[in-house]
Every structure is written in structure tokens, then in C-alpha cells.
2 protein chains.
Amino acid sequence: MQLSLVEENYLKTIYHLAEHSDSDISTTAISEELDTKPASVTDMLRKLSDKDVINYQKYRGVQVSDKGKKLALQIIRKHRLWEVFLVQKLGFNWYEVHEVAEQLEHIKSPLLIKRLDNFLGKPTVDPHGDPIPDENGEYKEVPLCALSELETGNEGNVIKVPDSDPSLLRHLDKIKMKLGSKILVKDKVEFDDTVLIQIDDRNEIYISGKIASTIMCSSI
Amino acid sequence: MQLSLVEENYLKTIYHLAEHSDSDISTTAISEELDTKPASVTDMLRKLSDKDVINYQKYRGVQVSDKGKKLALQIIRKHRLWEVFLVQKLGFNWYEVHEVAEQLEHIKSPLLIKRLDNFLGKPTVDPHGDPIPDENGEYKEVPLCALSELETGNEGNVIKVPDSDPSLLRHLDKIKMKLGSKILVKDKVEFDDTVLIQIDDRNEIYISGKIASTIMCSSI
DNA sequence: AAATATATTTAGAGTCATCTAAAAAAGTTA
DNA sequence: TAACTTTTTTAGATGACTCTAAATATATTT
């Protein structure tokens, strides 16, 4: 069984939405994520359900099936391996890779991925800190907490940042925040959740609550 | 102006057919090459003509326009750069790369190609000896002659072999014929054009006229 | 040049993925 | 629970690319 490029994108989107939610995924949520109309999503859900990659009941939302999870993880694996390639071998910045990897992830050649993986030294995380599933779709889950959750006076290391927003990633470059950076929370502003932090023992800097909530740290 | 994946494949096919012919390209020739029906080709020719990448007049066949040539050469450039990547960096054999490169050539990112080109050391030929056009679509033409054209007693070096037939390329591997190999023509069989050759001063070996006509040599 | 054969185009239809508008179901509020 | 709002689905249409069958143009043969 083969999925079309469009089907792959739907599946991946549903998988990612399901990752960050424990309830069923709604038609509207998918349509917003993919910038399509809910009616189009309904059509596609029937198709994906026929192919057994999702469990779908009218009006009840969807879950990704076991079969769908395997497929989704292979697409994600490809996406993240290509991102590593772009950054480590071609010198891309971490804010330049997402869009290109969105195209490269659909290339169909198991041999290519196997050899790319070897060429890259079997990396386990992509340039944004996201784990790379192995050939069986497995990867290690690391317990993380958002920077915004750290208490004043506490420290953490940056483990993962959002991958798809170039403007945020450029900002992180500007303030020299990288994967692995040590973050010390110096103060929190209750009014709007602004956080005052120190990155790698350098100058103090304010970041918005919105940014702070997207930076994932090791919880020590 | 952007071409769809399907349009790109039509354009590339027409370009390649035109390379090996000085007359206009027929609807049937295109349909055979792309394994579609002539009626489908006619539809597409109207579309490509509207986009000014070909010159088309009903019943008269097509030529690739200047605009079309530029686009085609960029696709070919991408195809051949990816082939170099697959062979030189990922360890693919020359008979394994064509199909994957057919997919990779459609990835849209000028930055990617620029950086890939640099990463590979700005190669000028692909693993089958085909020239790689530069960013402006230019490349050096080398005068070549088919092995089948060499006279008995003459020598040549292998410069270019067909790229898309794995079974032929596997056979060349078997008889240890590589790009650059020195070929000495020892005998020719008039009956069916079989050629007896010596490759790099090793044992003599017979190759069919069909194979001999696809191996392109430097004419010394 | 007429007859025949071949190549090409047109007409009409099917599939895939999308849309809009309307209908139906589910959820919320009074 | 009845009325209203929101979400989801259905119905019908569109655009891109393909097909078959029929019509038309070109090429070849006699």
C-alpha cells in the first residue's frame, strides 16, 4: 500500500496533532493546520480510513491507527534525517531547513534513507532537537518541560525548539540560544509571563511568555 | 512561472527527444517515452505552449522554446547533481541512481542546489558521463563517437554511457567497463555488428552491436 | 490524384483533491 | 428540554491529468 503525497501530508498532520492531545482530532483542527476547508478534510478522512491508517467515525473525530503510526513515523524519520543532512553537510541554518525537508520527506526509496542515515552517522536528533525514529519507528522519549515552567532560580538545558517557524529560530540565533544552552531563570513577570533569563552565563535577557512556552528544557 | 511535476516531466522528455533529433518532435514519440496516450500528450502540449516553454502547432510537432530549454537544463542540472551525490557520498552504484534522481530532480529550492553543488565540488559530469549544466544552463560539448563507429584496430576512451537502463549498467560492471576505460577494437562481425574489444588491456570480450552503439567514446 | 494507412486532435468521461452551499448532527445555553 | 450555535458531513461543481472512441489531418502507396 502506497500513500499519495497529499495523503502523506494529512497523515503526518493528524499524527502531530494527536501527539499534543490525548482526545480525538477534530476535522476543523486538521483543516486549520493544512489550510484547507473542513469539507475537504472529511473527504480525505474517509479515504485514509478506507486505507486503515486512521480510525474514523463520522462526527467523532479521528485517531491514528497502529498502521498509520508506523507510516507517519517513517515520514517523520525521513524529514528529520534530511534536516540533519541540510544543516550538517550543506551548511543550512536551522531556520532554513523545514520547508525543504517537507519536500524531501516524500522521496520514496528505502535504500536512500538507509544510506543517508549511515552517511550522517545514524543521528538520533534533528537540528531542532526532535528525536529521529529508527527504521522500526522507535525512539527514546526524554522527559521535557517548557522553559516557561521553570521556577525562578532554576536551571535547565535547551533540548528542543519548534522546527517550523523561521522567525522564531532567527530570534533564537540572535540571542545566541542553541540546543544544549544552559538557561537560568532570573525572574518572571506575572502580568504577561515574560521571563528574564541568562543564557550560558552571559547577559540577562527578557523573552516573552509565548517564546518561553515553546522552548523545551531538560527537567533537572 | 512554475511548472507542475507532470509538466516538468513532459518538458524534460521533449528536451531529451529533441537532443537526439533535428526535426520536430511528434506526439507519438512523446507518448511512447512517457507511457501515456497520444491524446493526453496533445492536451499537455497545449498547456506547455500556453506557458511558452514549447513551440507547438497542431499536427506539426513541437520544439522546445528558449525559455523551455532554460527550464529543462535546470531540471537536468538537478538530476545530475543528485546522481553525483548518490554515487559519491552515499555509495550508490551507477545503475541504482536514475530512478531516485527522477524524484529528487523535482525538489524546488535554488539554495539547496547551490549548496549541493558546492558540497560536491562543482562537478561537471554525472556518474554516467553526462555533462552537468551550470546555473545558467551552460555546459561544454565534447565530440563523441559511438564505440560501434570505431574502426578495427582503433582505440577510444569511454566518456558516456546510457543512464537509465540498470541492466545495461550492471553488464558494464560485470565486464569492468568504466568511464575512462580504454577500448581497443579488435574485430567486428559484419553479420550482426558484434564487436570484439579489449578493455584496459585485459582479456578480449565480445559485445553486441546494440551495446556498442550506446557506449560513447572520445574520438582520438 | 485517389485510395489507403497512419498520426493527431477533439469530444466526452473518469479520478483525485479541492471548493461552496446546504443539510444534518452535536454541543451549548437559557 | 427547547432554542440556538457550532461543527461536521453531504451534494454538486471545478481544475488538473488521464483515458477511450470518434473525427480529422497528414503521409504513403498505387
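Hydrogens, waters and symmetry mates play no part in the numbers below; they use all other heavy atoms, side chains included.
Within the structure, a side-chain polar atom (N or O) of A:Y10 is placed less than 4.0 Å from OP1 or OP2 of C:dT18. Applying the 4.0 Å criterion to OP1 and OP2 of C:dC19, one finds that A:S40 has a side-chain N or O inside that range. Between D:dT9 and A:T42, a contact under 4.0 Å exists linking OP1 or OP2 to a side-chain N or O.
In this structure, B:L48 atom CG and C:dT9 atom P are separated by 13 Å, rounded to whole Å. Rounded to whole angstrom, the span from the CE atom of A:M44 across to the C1' atom of D:dT10 amounts to 17 Å. Residue B:Q57 contributes atom CD, which lies 21 Å from atom P of D:dT24 at whole-angstrom precision. One can place CZ of A:R60 at 14 Å from C1' of D:dT9, the figure rounded to the nearest angstrom. Counting to the nearest Å, the C1' atom of C:dA22 and the NZ atom of A:K37 are 16 Å from each other. Rounded to whole angstrom, the span from the OH atom of A:Y56 across to the P atom of C:dA25 amounts to 13 Å. Distance CG (B:D24) to P (D:dT26): 14 Å, rounded to an integer number of Å. Distance, A:D43 CG to D:dG12 P: 14 Å, rounded to whole Å.
Contact annotation for A:T27: backbone-only contact, meaning every heavy-atom pair under 4.0 Å involves sugar-phosphate atoms and none involves a base.
A salt bridge between A:E7 and A:K12 is absent, with no side-chain N of the basic residue lying under 4.0 Å from a carboxylate O of the acidic one. With respect to the salt-bridge test (charged N to carboxylate O, under 4.0 angstrom), the residues B:E8 and B:K108 qualify.
Screening A:D134, A:D117, A:D126 against A:R77 for a salt bridge (Lys or Arg N to Asp or Glu O under 4.0 Å) leaves a single residue, A:D117.
Of the listed nucleotides (C:dA26, D:dT18, C:dC19), D:dT18 has the atom at the smallest distance from the side chain of B:V6. Picking from D:dT9, D:dC19, C:dT9 the nucleotide with the shortest atom distance to the side chain of B:P38 gives C:dT9. Residue B:Y59 places its side chain closer to D:dA25 than to any other of C:dA26, C:dA11, D:dA25.
Residue order along DNA chain C, read from the 5' end via each residue's closest nucleotide, puts A:L5 first among A:L5 and A:K58.
Checked by atom type, the side-chain pair B:D130/B:H79 shows no donor-acceptor distance below 3.5 Å.
Cation-pi geometry between A:R46 and A:Y56 is not satisfied (NZ or CZ under 6.0 Å from the ring centre, within 45° of the ring normal).
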